[in-house]
Amino acid sequence: NPTLQSIALSHDTTVSEVVLCWLLQEGMVAIPRSSSKQHLLINSLQQRQTDDGKAYKCFLNNSDMNAIRALDKSRGLPW
């Protein structure tokens, strides 16, 4: 998605990490998984302890969060 790619580029990260941070900042539980060894490594590298003890450092600002929310075209729950 161009919006997600733009946000990832602006934060020098991946779309996967943007989506994960969005989910966490929205208060949802995310369990990243993959059958690809490369993606498993990326997932494990994204898990890093922050100064406040959280497992992930989320970085999305209000503008990013709103841009991602605007992508939702569903008429119900996000899942």
With S10 via side-chain contact (heavy atoms from CB on, under 4.5 Å) - residues at least two apart: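 With sequence neighbours excluded, S10 shows a side-chain contact (heavy atoms from CB on, under 4.5 Å) to no residue whatsoever.
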side-chain contact (heavy atoms from CB on, under 4.5 Å) partners of L23, counting only residues at least two apart: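 Expected list: V19, M28, A30.
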Pairs where residues 60-69 contributes a residue and the test salt bridge (charged side-chain N to carboxylate O under 4.0 Å, His left out) is met, not counting sequence neighbours: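 Residue pairs passing salt bridge (charged side-chain N to carboxylate O under 4.0 Å, His left out), neighbours aside: E26-R69.
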Separation between CG of L9 and CG of L4, rounded to the nearest 0.5 Å: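 These two atoms lie 12.5 Å from each other.
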Other residues, nucleotides, ligands: >12 heavy atoms within 6.0 Å of N66 CG: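 More than 12 heavy atoms, drawn from other residues, nucleotides or ligands, come within 6.0 Å of this atom.
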same_hphob_cluster(L71, V18) at 4.5 Å side-chain heavy-atom cutoff: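 Yes, L71 connects to V18 through the hydrophobic network.
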Polar side-chain atom of Q25 near backbone of M65 as donor-acceptor pair, under 3.5 Å: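 No: the side chain of Q25 does not pair with the backbone of M65.
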Student check: side-chain heavy atoms of I7 and W22 closer than 4.5 Å: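 Not in contact.
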